[in-house]
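Structure record follows, encoded as structure tokens.
Since the model is a prediction, treat every value here as computed from it, not as a measurement.
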Amino acid sequence: MGKILFVVSVLVLVYVLAIDAARVDTLNIWPMPKSVSHGSDRSLYLIKDFELKTEGTKYNDASGILKDGFSRLLNVVRVAHIVEGNFSGIDNSLLLQGIHVVVLSADDELQYGIDESYNLSVPASGKPVYAYLEAHTVYGALHGLQTFSQLCYFNFKTSLIEVPMVPWAVIDQPRFSYRGLLIDTSRHYLPLQVIKNVIDSMAYAKLNVMHWHIVDTQSFPLEIPSYPKLWDGAYSVSERYTFADAAEIVSYAQRQGINVLAEIDVPGHALSWGIGYPSLWPSKDCQQPLDVSNEFTFKVIDGVLSDFSKVFKFRFVHLGGDEVDTTYFLNHLFGKSMWRLTKHRLNESQAYEYFVLRAQNIALSHGYEIVNWEETFNNFGNKLSRKTVVHNWIGGGVAAKVVAAGLRCIVSNQDKWYLDHLDTTWDQFYMNEPLTNITNPKQQKLVLGGEVCMWGEHIDGSDIEQTIWPRAAAAAGRWRKLTFQGEAKPHPCLGYRTHLSFERLWTPYDKLAKDPRQVTGRLAHFRCLLNQRGVAAAPVAGPGRVAPIEPDSCYSQ
């Protein structure tokens, strides 16, 4: 059955390509699929009991991941409106009965590198008529449901949900396997519901990694059962996450196809560790970096990573390693601690190297591969484990050096992809290319993808969404009013998207806009549709978190 439907979808694709291939550039689908085609003026209408059909699938959905994804689809296409239109005057061949989803793999384990591809088709008519979605994994199917939601809109004249411009045919897969967003719960505590809201919005954008920067200098909010005094470093007794909370976040993300990359940033950025265990500090006068000369330091790290391995099942763990002031390793170590360090004949830079490599070995012993910030590569890259992923952040050009050395890389250069840099313009985000100056195909494969970083010094639960979404432009003046057929209203086939950089991580390079001005209209549509779906995305006409300038349509702000 699945093979027959797939052949039908291919025939629909060929037919549609002949009809309307030239109009793809005008669509508001985000991120732009690998291949998408559509018809012209014909529309289908979702019946009230629009159903999920799974005949012929190999995936039994015992955990309910697909069922939950379908429920979310219904919620977002209704955008909280009451669907109460009259179907009596509509030909049955135009009533869309449901979506037939066929998943080719019975496995729903979520890990880096899983197949996220999907094929989606919506015919022009049928008796009965169903949309058809085929994917290798349930997570590819979730992406397909997200795309289908973008083809739907609520028609206010009929009070029905409509799929215009049928037939549709979409063939899609991501360009990069790592498409990440960092959140920071140390600089400000983020309530659990806020984190879940961020995860929801990430799924809309087909992101697949939430990098959880859990602890830092300022606070240690997570319970570590092996060393329960560590979360004494939290801001308060109510600004904490239990170990069960962490498991819930991982599960919630996984059900939407999102991995959680947990980070403990060592040896620097770790003052909060010593609130509960002061012996982790080199001295009372030097409270970070962690004491490299004390065996207890590495016992604690081992305990933390042992506990992590019970909850954070992603292949990678982030060990930080950035911004370490190595002068403290010698200047503030006394007595036995100083004796241990000099016994190993380590100077300041060697002590830093020793710490990072030993922490890496601990992570490897717990089954993890390691992510480290780029300073570790810049200082002793040839000593790093070959299972290291170097996380670029300081500036451009690092990725090319990392992959030339045979290591993997994630791109997050701060001049382009740091969301807390409110004056970075949206066109800089869009045009930041992870493969810049990397032309060797083997080396290109070592770039896992990219990540935008929402550092928490100036954000909390009150403003995180509008700082992340949709990444407002630092541009002077008003944006042009978007029009459709002479009216100040959106195109009826609304789309939505994430932060501009995310399209670069999903869409094939040759489909990306060469001039960022070509995507301004789609960005405005994205922001407004996110608002409709309950995400507090800021206007695009100004720097980050700007308020609306004056009364006007959402689509002109």
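- Checked against side-chain hydrogen bond (donor to acceptor under 3.5 Å, both in side chains), Thr242 has the following partners two or more places apart in sequence or in another chain: Asp245.
- Phe380 has its ring centre less than 6.0 Å from the ring centre of Tyr352.
- No side-chain heavy atom of Leu222 sits less than 4.5 Å from a side-chain heavy atom of Thr185.
- Between Ser63 and Asp108, the closest side-chain pair of non-hydrogen atoms falls below 4.5 Å.
- Here the shortest heavy-atom pairing between Arg408 and Arg386 reads NH2-O, 4.4 Å.
- Rounding to the nearest 0.5 angstrom, the gap separating the CZ atom in Arg187 from the CE atom in Met454 is 11.0 Å.
- Not a single donor-acceptor pair under 3.5 Å links the side chain of Asn413 to the backbone N or O of Asn392.
- Taking the side chain as every heavy atom from C-beta outward, Met210 and Ile183 approach each other to under 4.5 Å.
- Checked against a 6.0 Å centroid threshold, the rings of Trp212 and His318 do not count as neighbours.
- Judged purely by atom type and a 3.5 angstrom limit, Gln287 has no side-chain atom pairing as donor or acceptor with the backbone of Leu271.
- Ion pairing of Lys196 with Glu248 is present here, as a side-chain N (NZ or NE/NH1/NH2) and a carboxylate O approach within less than 4.0 Å.
- Thr57 places a side-chain N or O within donor-acceptor distance of the main-chain N or O of Tyr59, the cut-off being under 3.5 Å.
- Panel note: side chain His188, backbone Ile459; a donor-acceptor pair is recorded below 3.5 Å.
- Between the side chain of Glu374 and the main chain of Ile394, a donor-acceptor pair closer than 3.5 Å is present.
- Between the side chain of Tyr368 and the backbone N or O of Phe308, at least one donor-acceptor pair lies under 3.5 Å.
- Side-chain contact between Ser149 and Leu73: present, with at least one pair of heavy atoms (C-beta onward) separated by less than 4.5 Å.
- Taking both residues in full, the closest heavy atoms of Ala135 and Tyr118 are given as CB-CB, 4.1 Å, listed atom of the first, atom of the second, then distance.
- Checked against side-chain hydrogen bond (donor to acceptor under 3.5 Å, both in side chains), Tyr252 has the following partners two or more places apart in sequence or in another chain: Asp200.
- In this structure, Trp373 and Trp393 have perpendicular ring planes: the angle between them is above 60°, well past the 30° mark.
- The aromatic rings of Tyr112 and Phe316 lie perpendicular to each other, with more than 60° between the two planes, well past the 30° mark.
- For the atom pair CG of Asp184 and CD of Gln218, the computed distance is 7.5 Å after rounding to the nearest 0.5 Å.
- Glu116 pairs in a salt bridge (Lys or Arg N to Asp or Glu O under 4.0 Å) with only one of the listed residues (Arg179, Arg175, Lys206, Lys34), which is Arg179.
- Inter-residue side-chain proximity for Leu364 and Asn361 is flagged as met; some heavy-atom pair is nearer than 4.5 Å.
- Listed for the Ser306 side chain is no donor-acceptor partner under 3.5 Å among the backbone atoms of Gly303.
- Between Ile199 and Ile249 the shortest side-chain heavy-atom distance falls below 4.5 Å.
- Thr376 places none of its side-chain heavy atoms less than 4.5 Å from the side chain of Lys383.
- Screening residues 221-235 for side chain to side chain donor-acceptor pair (under 3.5 Å), with sequence neighbours left out, gives Ser226-Asp307.
- The shortest side-chain heavy-atom distance between Gln256 and Tyr204 does not fall under the 4.5 Å cut-off.
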